[in-house]
Amino acid sequence: MKRLLPEILKEANKLATREERIQFLQKNDSPALRDIIRIAFDKDVISMLPEGAPPYTPDDAPEGYAPSSLYKKFREFRFYFKGPVAEGLKPLKREEMFVKLLESIHSSEAELLVRAKDRILHKKLIGITRKLCQDAFPGLIAK
């Protein structure tokens with residue numbers, strides 16, 4: 001079973017050296033991880049959602065048993081961040097879709113996505129910084 005993204009970031013945070021963290025992130029590379037990193041640290045990625053967590057019912061399934069995961073749902077991110085797809089949606093529809101997404105994934109992943117969207121990922125996972133992510137994935141973060 002694949003580790004959930006919050007688990008990967010927390011594990012990377014626990015490693016002793018910067019080089020170990022970089023190698024661990026690279027070893028666990030995925031499109032979903034890269035998107036979360038870009039959302040959290042790239043200033044070109046602009047949220048079209050209100051700040052904070054919307055009212056939603058967190059999934060209470062054990063880790064790995066939620067109906068979906070960020071690995072499956074990362075393609076939906078285009079609806080929530082500035083671009084032609086998101087701009088074509090009415091704000092209420094966009095927020096409704098976001099709530100459904102949050103309710104379909106494990107609560108730790110939902111929290112991670114909200115924190116990344118609000119650019120406060122680093123405050124929760126100290127050690128996972130913009131610079132570390134730039135070193136692990138050169139060219140991923142534009143600004």
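By the 4.5 Å heavy-atom criterion applied to side chains, I37 and I128 are not counted as neighbours. In this structure, the side chains of S104 and K73 come closer than 4.5 Å at one or more pairs of heavy atoms. Inter-residue side-chain proximity for C133 and L140 is flagged as unmet; no heavy-atom pair is nearer than 4.5 Å. Within the 4.5 Å cutoff, the side chain of L89 has heavy atoms near those of the M97 side chain. By the 4.5 Å heavy-atom criterion applied to side chains, L132 and L25 are counted as neighbours. With contacts defined as side-chain heavy-atom distances shorter than 4.5 Å, the pair R3/K10 does not qualify. Considering only heavy atoms from C-beta on, L5 comes within 4.5 Å of S30 through its side chain. When side chains are defined from C-beta on, K100 counts as touching E96, because their heavy atoms get closer than 4.5 Å.
A donor-acceptor pair under 3.5 Å links the side-chain atoms of R119 to the main chain of D42, judged by distance alone. Between the E109 side chain and the L70 main chain, a donor and an acceptor come within less than 3.5 Å of each other. Between the K117 side chain and the P50 main chain, a donor and an acceptor come within less than 3.5 Å of each other.
From D118, atom CG reaches atom CG of L113 across 9.5 Å, with rounding to the nearest 0.5 Å. For the atom pair CD of E20 and NZ of K14, the computed distance is 14.0 Å after rounding to the nearest 0.5 Å. Atom CZ of R38 and atom CG of D44 lie 7.0 Å apart (nearest 0.5 Å). Taking CD1 of I22 as the reference point, atom NZ of K131 lies at 8.0 Å (rounded to 0.5 Å). Taken from OG1 in T129 to CD in Q134, the straight-line distance is 8.5 Å, to the nearest 0.5 Å.
Between D59 and A61, the shortest heavy-atom contact is OD2-CB, 3.0 Å. I8 approaches F24 most closely through the heavy-atom pair O-CE2, 3.3 Å. The nearest pair of heavy atoms linking R94 to M48 is NH1-O, 3.2 Å. Heavy atoms only, all atoms of each residue included: Q26 and D135 are closest at NE2-O, 4.2 Å. Closest heavy-atom contact between S108 and E63: OG-OE2, 4.4 Å.
By the 6.0 Å contact criterion, CD on E87 is enclosed, its count of non-hydrogen atoms from other residues, nucleotides or ligands being greater than 12.
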Test side-chain contact (heavy atoms from CB on, under 4.5 Å) on L15 and Q23 and set out the steps.
-> CA-CA 10 Å; L15 296 173; Q23 288 175 358; over 6 Å; no
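In this structure, L4 is not a member of the same hydrophobic cluster as I36, with clusters built from ILVMFWY side-chain heavy atoms closer than 4.5 Å. A continuous path of Ile, Leu, Val, Met, Phe, Trp and Tyr side chains, each step under 4.5 Å between heavy atoms, connects V114 with V99, placing both in one hydrophobic cluster.
Applying the ring pair (Phe, Tyr, Trp, His ring centres under 6.0 Å) definition to pairs two or more places apart or across chains, those involving residues 70-94 are Y80-F98.
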